[in-house]
Amino acid sequence: MKADLIVGIQWGDEGKGKIVDLLAQKYDCVARYQGGHNAGHTIVVDGKTHALHLIPSGILNPKATNIIGNGVVVSPAALIKEMKQFDNLLGRLFVSESAHMILTFHTLIDQAKEKLRGDKAIGTTGRGIGPAYSEKIARQGFRLGELRDVDTLTARVMEYFAQNKAIFEALEITLPSREELNAELSEFSQKLVPFLTNTTQMAWKLMDDEKKILLEGAQGTLLDIDHGTYPYVTSSSTISAGACTGLGVNPKDIGKITGIVKAYCTRVGNGPFPTEEHGDTGERIRKAGHEFGTTTGRPRRCGWFDAVACRHASRINGCDELSIMKLDVLDGFEEILVCVAYEINGEQIDYMPLDLDNVKPVYKIFEGWDKTEGVRHFEDLPQTAQTYLRALEEMTQTKIGIISTSPDRNDTILL
Ligand code: IMP
């Protein structure tokens, strides 16, 4: 059976957590394929709040198995901490033995480099994501499977420290002693080795056995290393194709692809954001949508829906449908704007150019509505909200499958 996929269509934080949680009930397995603990969402089940950064959302479905694929960069310390929220994870959580590790020094490099960049900082989450992926590509990374032989791994990391001594000194990073490193890696080994496996083989077997897999993307398309607003991006392939390299499924193994998108836009960190609203409108969206980062607590930058970027993202991911999240956040606005084209050097274009820095949004204005919060049927939405949604479908050339009208699992319209 083919695996279905959920992918963020904007700059992350689209509300994937709610949809994955909703859908996870129907899947036998949920798999992450990229990113690391830079991602994050909280899910409330039976009054208990769970903070998930690395562990797939399927963990809240007792019947589902969960995979952290080879394309994820795993901080053993962060994973161990997150695992403490749950009992009996053995047999429910499987972690790729070939996923690369984020060790403390990767995190310190991330933070030190951000400081050096000054006003050109990317605004990373400071979790060591970039340095861990850089070293993976440079063939100097450390894989989780190496935790099976801690002494050999310790020697390899010490050798890496020696080879890169000048860099660590320049960045004023204090490195652990051999003993400290060995002790830390031993703890990681003891806690994580029982969960390591060949997750590609596992995914193939599940699909061969007609089990349903949900591939859970992290971050969003506009943060993709190749297709996002480079260099203000994350270091992984956040688009649907990332699932192929990040889990080992092939393109033909992927079935339905759902793009998750908010009814407006947000972005954390630096980089271009054509529809950003700096004044009262941005503040009002931020307040109504509680737009503060779950991983770093940073206030998110807010603005109007960008149909040009969304159409681009939908095509790149091959979206079969969109889930429109947080429609209720726009309740009460008299007018709602949607970016339908960009203006660049006095010319209008309807596609995403290489550089979004100098584009001005061209807006279409829609009439607002009073209230959509808690609505559960499309016909019960105010007429103006229905018009807005139908227009989004047309502008993004993608049909809408799900509309979310509050954080509650039940306040969801299925079309
Ligand atoms: P990094 O992934 O920590 O290297 O950060 C690179 C960029 O991606 C920064 O702009 C971050 O704010 C952004 N980013 C990383 N993870 C997320 C996420 O889960 N949601 C939204 N933005 C993210």
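- Put simply, the side chain of Glu135 reaches to within 4.5 Å of the side chain of Tyr160, judged on heavy atoms.
- Residues Tyr342 and Lys360 fail the side-chain proximity criterion, which asks for heavy atoms closer than 4.5 Å.
- Counting heavy atoms from C-beta on, the side chains of Leu389 and Leu327 come closer than 4.5 Å.
- Checking side-chain atoms of Thr199 against main-chain N and O of Gly69 turns up no donor-acceptor pair under 3.5 Å.
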### Task
Might you work through the side-chain contact (heavy atoms from CB on, under 4.5 Å) test for Ile19 and Met325, ending with a clear yes or no?
CA-CA 9 Å; Ile19 297 301; Met325 310 305 292; 3.6 Å; yes
### Message
Assess the residue pair Met352 and Leu222 against the criterion (side-chain contact (heavy atoms from CB on, under 4.5 Å)); give the C-alpha distance rounded to whole Å, side-chain angles, the decisive distance to 0.1 Å, and a yes or no.
### Response
CA-CA 11 Å; Met352 270 183 73; Leu222 303 175; 3.9 Å; yes
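- Pairs engaging residues 63-85 under the side-chain hydrogen bond (donor to acceptor under 3.5 Å, both in side chains) rule: none recorded [sequence neighbours left out].
- Val340 and Met395 make their closest contact through CG1-SD, 3.4 Å (heavy atoms, listed as atom of the first residue, atom of the second, distance).
- Ser314 places no side-chain N or O within donor-acceptor distance of the main-chain N or O of Cys310, the cut-off being under 3.5 Å.
- The backbone N or O of Ile129 sits nowhere less than 3.5 Å from a side-chain atom of Ser235 that would complete a donor-acceptor pair.
- Side-chain atoms of Asn317 do not come within 3.5 Å of backbone N or O of Cys319 as any donor-acceptor pair.
- Ring centers of Phe94 and Phe195: at least 6.0 Å apart, outside the cut-off.
- We find the CG-CG distance between Leu79 and Leu93 to be 6.5 Å, quoted to the nearest 0.5 Å.
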#### Entry: From CA spacing to verdict: salt bridge (charged side-chain N to carboxylate O under 4.0 Å, His left out), Glu187, Lys191
CA-CA 6 Å; Glu187 193 209 332; Lys191 303 233 163 91; 2.9 Å; yes
### Message
Show, in sequence, the C-alpha distance, side-chain angles and deciding distance for Lys212 and Met207, and conclude whether the side-chain contact (heavy atoms from CB on, under 4.5 Å) test is met.
### Response
CA-CA 7 Å; Lys212 292 182 77 172; Met207 287 189 290; over 6 Å; no
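- Sorted by first and then second residue, the side-chain hydrogen bond (donor to acceptor under 3.5 Å, both in side chains) pairs with a member in residues 142-153 read Glu97-Arg148, Glu146-Arg156, Asp149-Thr152, Asp151-Asn182; sequence neighbours excluded.
- Checking side-chain atoms of Asp110 against main-chain N and O of Arg127 turns up a donor-acceptor pair under 3.5 Å.
- Taking the charged nitrogens against the carboxylate oxygens, Arg301 and Glu277 have no contact shorter than 4.0 Å, which rules out a salt bridge.
- Of the candidates Glu394, Glu393, Glu321, Glu321 is the only one forming a salt bridge (charged side-chain N to carboxylate O under 4.0 Å, His left out) with Lys399.
- Closest approach of Leu5 and Ala243 over heavy atoms only: CD1-CB, 3.7 Å.
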### Query
How far apart are the C-alpha atoms of Lys287 and Glu283, what are their side-chain angles, what is the distance that settles it, and do they pass the salt bridge (charged side-chain N to carboxylate O under 4.0 Å, His left out) test?
CA-CA 6 Å; Lys287 253 196 169 158; Glu283 191 54 42; 5.6 Å; no
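- In this structure, Ile173 CD1 and Gln111 CD are separated by 9.0 Å, a value rounded to the nearest 0.5 Å.
- Counted within 6.0 Å of CG on Leu90, heavy atoms from surrounding residues, nucleotides or ligands total more than 12; the atom is thus considered enclosed.
- Under a cut-off of 6.0 angstrom, the local environment of CG in Asp280 is sparse, with at most 12 non-hydrogen atoms contributed by other residues, nucleotides or ligands.
- Side-chain contact check for Cys244 versus Ile254: some heavy-atom pair is nearer than 4.5 Å.
- Residues Thr238 and Asp224 approach most closely at N-OD1, 2.8 Å, considering heavy atoms.
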Solution key, residues 99-106 side-chain donor-acceptor pairs under 3.5 Å, sequence neighbours excluded:
{"residue": "His106", "atom": "ND1", "partner": "Leu103", "partner atom": "N", "Å": "2.9"}

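- Interatomic distance, CD1 of Ile239 versus CG of Leu223, reported as 12.5 Å (0.5 Å rounding).
- Side-chain contact between Tyr27 and Asp4 is present, with at least one heavy-atom pair separated by less than 4.5 Å.
- At least one donor-acceptor pair under 3.5 Å links the side chain of Ser177 to the backbone N or O of Glu180.
- Under the 3.5 Å distance criterion, the side-chain polar atoms of Glu114 are matched with a main-chain donor or acceptor of Ile122.
- You'll find the side chain of Leu23 reaches within 4.5 Å of the side chain of Ile6, heavy atoms only.
- Between Phe333 and the choices Tyr388, Phe305, Trp304, Phe366, the ring-ring contact (aromatic ring centres under 6.0 Å, His included) rule is met once, by Trp304.
- In terms of the side chain to side chain donor-acceptor pair (under 3.5 Å) criterion, residue partners of Gln34 (sequence neighbours excluded) are, by chain and number, Gln219, Ser236.
- Residue pairs meeting the side-chain hydrogen bond (donor to acceptor under 3.5 Å, both in side chains) criterion with at least one member in residues 11-22, sequence neighbours excluded, are Asp13-Arg300, Glu14-Lys16, Lys18-Ser404, Lys18-Thr412, Asp21-Arg409.
- Pairing each heavy atom of Gly71 with each of Tyr133, the nearest pair is O-OH, 2.7 Å.
- Put simply, the side chain of Asp253 does not reach to within 4.5 Å of the side chain of Lys2, judged on heavy atoms.
- Residue His41 holds its NE2 atom at 9.0 Å from NE2 of His53, rounded to the nearest 0.5 Å.
- When atom types are taken as modelled, the side chain of Asp331 and the backbone of Glu373 share a donor-acceptor pair closer than 3.5 angstrom.
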#### Entry: side chain to side chain donor-acceptor pair (under 3.5 Å) evaluation trace for Asn38 with Thr125
CA-CA 6 Å; Asn38 48 349; Thr125 59; 5.0 Å; no
### Query
Passes side-chain contact (heavy atoms from CB on, under 4.5 Å), Leu322 versus Ile402? Steps please.
CA-CA 7 Å; Leu322 296 176; Ile402 301 176; over 6 Å; no
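- Taking 4.5 Å as the limit, every side-chain heavy atom of Thr258 sits out of range of all side-chain heavy atoms of Asp320.
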### Task
I would like to know whether Lys326 and Glu291 meet salt bridge (charged side-chain N to carboxylate O under 4.0 Å, His left out); could you show each step before the answer?
CA-CA 11 Å; Lys326 293 184 138 182; Glu291 295 295 354; 2.9 Å; yes
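- Under the 3.5 Å distance criterion, the side-chain polar atoms of Arg315 are left unmatched by any main-chain donor or acceptor of Ala313.
- The minimum heavy-atom distance linking Ala121 with Asn270 is given by the pair O-ND2, 2.7 Å.
- Geometric assessment of Arg92 against the ring of Phe86 yields a negative cation-pi assignment under the 6.0 Å and 45° thresholds.
- A salt bridge does not link Glu216 to Arg32: none of the charged side-chain nitrogens sits closer than 4.0 Å to a carboxylate oxygen.
- Between Ile9 and Gly259, the shortest heavy-atom contact is CG1-CA, 3.5 Å.
- Using modelled atom types, no side-chain atom of Glu184 and backbone atom of Glu179 make a donor-acceptor pair closer than 3.5 Å.
- The side-chain hydrogen bond (donor to acceptor under 3.5 Å, both in side chains) analysis of residues 346-357, with sequence neighbours excluded, yields no pairs.
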